[in-house]
Amino acid sequence: MFDTLTSSFKGIVNKIRFLDDEKALNRSLDELKKVLLKNDVYHKVVKEIIAQVEIECKKNGIGKDSFANALKDSLNAIFSGTYGFTYAPKPPTIVLMVGLQGSGKTTSSAKLANYLKLRGKKVLLVGCDLQRLAAVEQLRQLASEIEVDFYFKENLDSIKLARESIRFAQDSSYDVVIVDTAGRLAINTELMSELKNLKSEVKANETFYVLDSLSGQDAVRSADTFNKEIGLSGVVLSKFDSDSKGGIALSVTKQINVPIRFIGSGEKVADLDIFLPERIVGRLMGAGDIAGFIEKTTIVVDEKQAKQITQKIKKGNFTFTDFLNQLESIKKMGSMKSLISMMPGLGAMGDALKNVDIDNSVEIKNLKAMVSSMTKKERENPSILNGSRKKRIAKGCGLDVSDINRSLKQFETAAKMAKQMSSPNGVKNIMNMVKGANLNKMR
Ligand SMILES: Nc1nc2c(ncn2[C@@H]2O[C@H](COP(=O)(O)OP(=O)(O)OP(=O)(O)O)[C@@H](O)[C@H]2O)c(=O)[nH]1
Ligand SMILES: [Mg+2]
């Protein structure tokens, strides 16, 4: 992600004083150059950024704001022309996913399907990777997980299969068709000609190259070849969560002249973020991506349900059933890491929360096991849980009574925190509480 770049940019900007001289500016530019190169930004792109910042700073006067604005402008210029997802004038919009082996095509196909489904679109996933039977199964499973329709027919070659899937999608009024294709270890003529034929057969509106961020410049070179051979309309930057440098996002667009359209920010299906320039530049400059965060939460959380829950929390009536529902909602939004990275200025608290894995946290697993052993009455009235009830619940879910007590305590704290949060001074109170707490305990 952008953590290193964001904090380095902040550091450089903060070092500049009001009305500094040219020498100081050169020092800052030098530092900026080093940071960009160290974080995998392509050298020609680095040169361009530095030149632009220098010209603008000299024009507008040297100072913190002028430097920050110049940097922001040059980043905006890099991403100009990037534009998110567009639908074909006449549905279905046909998206072809291409890329090297293991780059994340199948995962990204499912993520994109999930993204569009949450926005009310009827999506069809097509398994056109006939190199491995397991590939088709992988997509089938992902499709069923996100409850999106899946298309595959045996004994057809990829071209015929694609043709039939598009006909089916047209007849059944799908909004979007996403075609997953086979990858290869390296670029070869067989792959290119198969993809070229597939692209013209399905009349793809979008051809997305899935680029593994961790493969760096090699992946960019392959993307360039793909673009020249078959023509790309966008890049999906996968595994961006594991890329601690993030510079590739800054240079790929410039290098191959194809815009980044989405970034994969985790292994789960919800971990896909649309790549919109103003939001990305905001994140890079440390302002977070509040618009993205709000969009993610409002799409996943039903407004009516959210209001009811808020009322319950305010009154202190938050129950275990509500708790399980809330957990499911949070899971749909994606990993904590990707959510936290959208929040501005969370600092150390953000770092601690980033590693909370809702699926694998022992505490949350225990809580879930405990709640599933409760009767409906107990779930709605946590206060009736006495000794004998706790014993029965512990037996039912294979935990000790001490585990149950601990989980109950955690639930109580969470409910208390939520109640605090909903008060007028909520966020401030929580921050004070958190400052004094040992966050490692939350893992
Ligand atoms: N952390 C992380 N892992 C990812 C992301 N996208 C994909 N992966 C992982 O990368 C691995 C390969 O992903 P696939 O989607 O199977 O890649 P593919 O391009 O379809 O691979 P082939 O079909 O074999 O060519 C899987 O283990 C995914 O979970 C991402 O954004 N973040
Ligand atoms: Mg695949």
Side-chain angles (χ1 to χ4, degrees), residues 1-3 95-115 125-146 148 150-152 158 161-162 178-188 190-192 194-195 198 207-216 218-219 222-223 226 230 232 234-246 248-249 252 260-275 280 292 296 331 333-342 354-360:
M1 300 244 193
F2 293 123
D3 303 17
V95 186
L96 192 67
M97 304 291 277
V98 303
L100 293 179
Q101 204 165 77
S103 59
K105 293 176 295 300
T106 306
T107 316
S108 303
S109 301
K111 284 178 178 180
L112 182 57
N114 182 59
Y115 178 94
L125 275 166
V126 184
C128 251
D129 177 357
L130 306 182
Q131 296 291 313
R132 298 178 298 125
L133 212 61
V136 175
E137 263 330 291
Q138 184 193 356
L139 189 63
R140 192 199 302 275
Q141 262 179 28
L142 286 167
S144 101
E145 191 185 315
I146 56 174
V148 160
F150 172 74
Y151 192 96
F152 177 71
S158 59
L161 175 63
I178 301 169
V179 183
D180 182 27
T181 65
R184 298 284 195 287
L185 275 175
I187 289 173
N188 62 30
E190 190 195 344
L191 169 70
M192 287 301 159
E194 180 183 322
L195 291 176
L198 256 181
T207 307
F208 285 171
Y209 181 82
V210 181
L211 191 153
D212 179 344
S213 316
L214 301 174
S215 315
D218 282 345
S222 304
F226 268 77
I230 59 172
L232 303 171
V235 168
V236 177
L237 215 51
S238 69
K239 308 180 197 175
F240 200 57
D241 50 301
S242 315
D243 175 19
S244 59
K245 295 176 172 170
I248 197 153
V252 67
I260 301 173
R261 308 285 284 278
F262 287 94
I263 45 178
S265 52
E267 279 184 33
K268 311 210 168 104
V269 274
D271 294 328
L272 184 79
D273 295 328
I274 194 156
F275 195 93
I280 293 299
K296 259 195 167 173
K331 261 166 68 177
M333 286 183 228
S335 67
M336 278 291 173
K337 219 173 178 171
S338 86
L339 288 175
I340 296 289
S341 70
M342 294 176 148
K354 260 182 201 172
N355 297 318
V356 176
D357 182 344
I358 292 182
D359 279 334
N360 296 314

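Order of appearance sets the numbers: ligands from 1, and atoms from 1 within every ligand. What you see is a predicted model; the values in this text were computed from it and never measured. Side chains included, hydrogens not; waters and symmetry mates left out as well; all remaining heavy atoms used.
Of all protein heavy atoms, the one lying nearest to atom 23 (O) of ligand 1 is Arg132 NH2, 3.2 Å. Looking only at protein heavy atoms, the nearest one to atom 25 (O) of ligand 1 is Lys105 NZ, 2.8 Å. The nearest heavy-atom contact from the protein to atom 26 (C) of ligand 1 is Thr107 OG1, 4.4 Å. Taking atom 8 (N) of ligand 1 as the reference point, the nearest protein heavy-atom neighbour is Lys239 CE, 3.9 Å. In terms of protein heavy atoms, atom 21 (O) of ligand 1 is closest to Gly102 N, 3.0 Å. With respect to atom 17 (O) of ligand 1, the closest heavy atom belonging to the protein is Gly104 N, 3.0 Å.
For Lys111, every heavy-atom contact with ligand 1 shorter than 4.0 Å involves the side chain, none the backbone. Neither the backbone nor the side chain of Asp180 comes within 4.0 Å of ligand 1, counting heavy atoms alone. Looking at Ser242 against ligand 1, only its side chain comes within 4.0 Å, counting heavy atoms. With a 4.0 Å cut-off on non-hydrogen atoms, Ala135 does not touch ligand 1 at all. Of all the heavy atoms of Asp241, the ones lying under 4.0 Å from any atom of ligand 1 belong exclusively to the side chain.
Residue Ser238 holds its OG atom at 4.5 Å from CG of Asp212, rounded to the nearest 0.5 Å. To the nearest 0.5 angstrom, Tyr209 atom OH is 4.0 Å from Leu100 atom CG. Interatomic distance, CD1 of Ile178 versus SG of Cys128, reported as 13.0 Å (0.5 Å rounding). A distance of 6.5 Å separates CG of Leu214 from NZ of Lys239, quoted to the nearest 0.5 Å. Interatomic distance, CZ of Arg261 versus CG of Leu112, reported as 10.0 Å (0.5 Å rounding). Considering CD of Glu267 and OG of Ser242, their distance stands at 7.0 Å, rounded to 0.5 Å.
Asn114 is not listed as a side-chain neighbour of Leu142, based on a closest heavy-atom distance of 4.5 Å or more. At least one side-chain heavy atom of Phe152 sits under 4.5 Å from a side-chain heavy atom of Leu130. Counting heavy atoms from C-beta outward, Phe226 and Leu195 have side chains that approach closer than 4.5 Å. Side chains of Asp129 and Leu139 form no contact here, defined as non-hydrogen atoms less than 4.5 Å apart.
Among residues two or more places apart in sequence or in another chain, the ring-ring contact (aromatic ring centres under 6.0 Å, His included) test is passed with Phe208 by none.
Contact between Phe240 and Ala249 at its shortest, heavy atoms only, is CZ-CB, 3.9 Å. Residues Val269 and Ala110 approach most closely at CG1-CB, 4.2 Å, considering heavy atoms.
Ligand 1 has no atom lying under 4.0 Å from any heavy atom of Gly99.
Distances between N or O atoms of Thr106 and those of ligand 1 include at least one value under 3.5 Å. Polar contact check, Asp271 against ligand 1: no nitrogen or oxygen pair lies under 3.5 Å apart. Of the N or O atoms in Phe240, none lie within a sub-3.5 Å distance of an N or O in ligand 1.
Distances shorter than 2.8 Å separate the Mg ion (ligand 2) from the protein N/O/S atoms Thr106 OG1.
Close approach of ligand 1 to Gly264 (heavy-atom distance below 4.0 Å) involves ligand atoms 31 (O). Interface of Asp129 with ligand 1, defined as ligand atoms under 4.0 Å from a residue heavy atom, comprises 23 (O). Below 4.0 Å from some heavy atom of Gln101 lie the following atoms of ligand 1, by number and element: 24 (O), 25 (O).
Lys105 has no carboxylate O lying under 4.0 Å from a charged side-chain N of Asp180, or vice versa, which leaves the two without a salt bridge.
Here the side chain of Lys111 pairs no donor or acceptor atom with the backbone of Ile263 at under 3.5 angstrom. With hydrogens and angles disregarded, a donor-acceptor distance shorter than 3.5 Å links the side chain of Thr181 to the backbone of Met97.
Remark: atom 1 (N) of ligand 1 lies closer than 4.0 Å to at least one protein heavy atom.
Relative to atom 29 (O) of ligand 1, the option among Gln138, Glu267, Lys268 with the closest non-hydrogen atom is Glu267.
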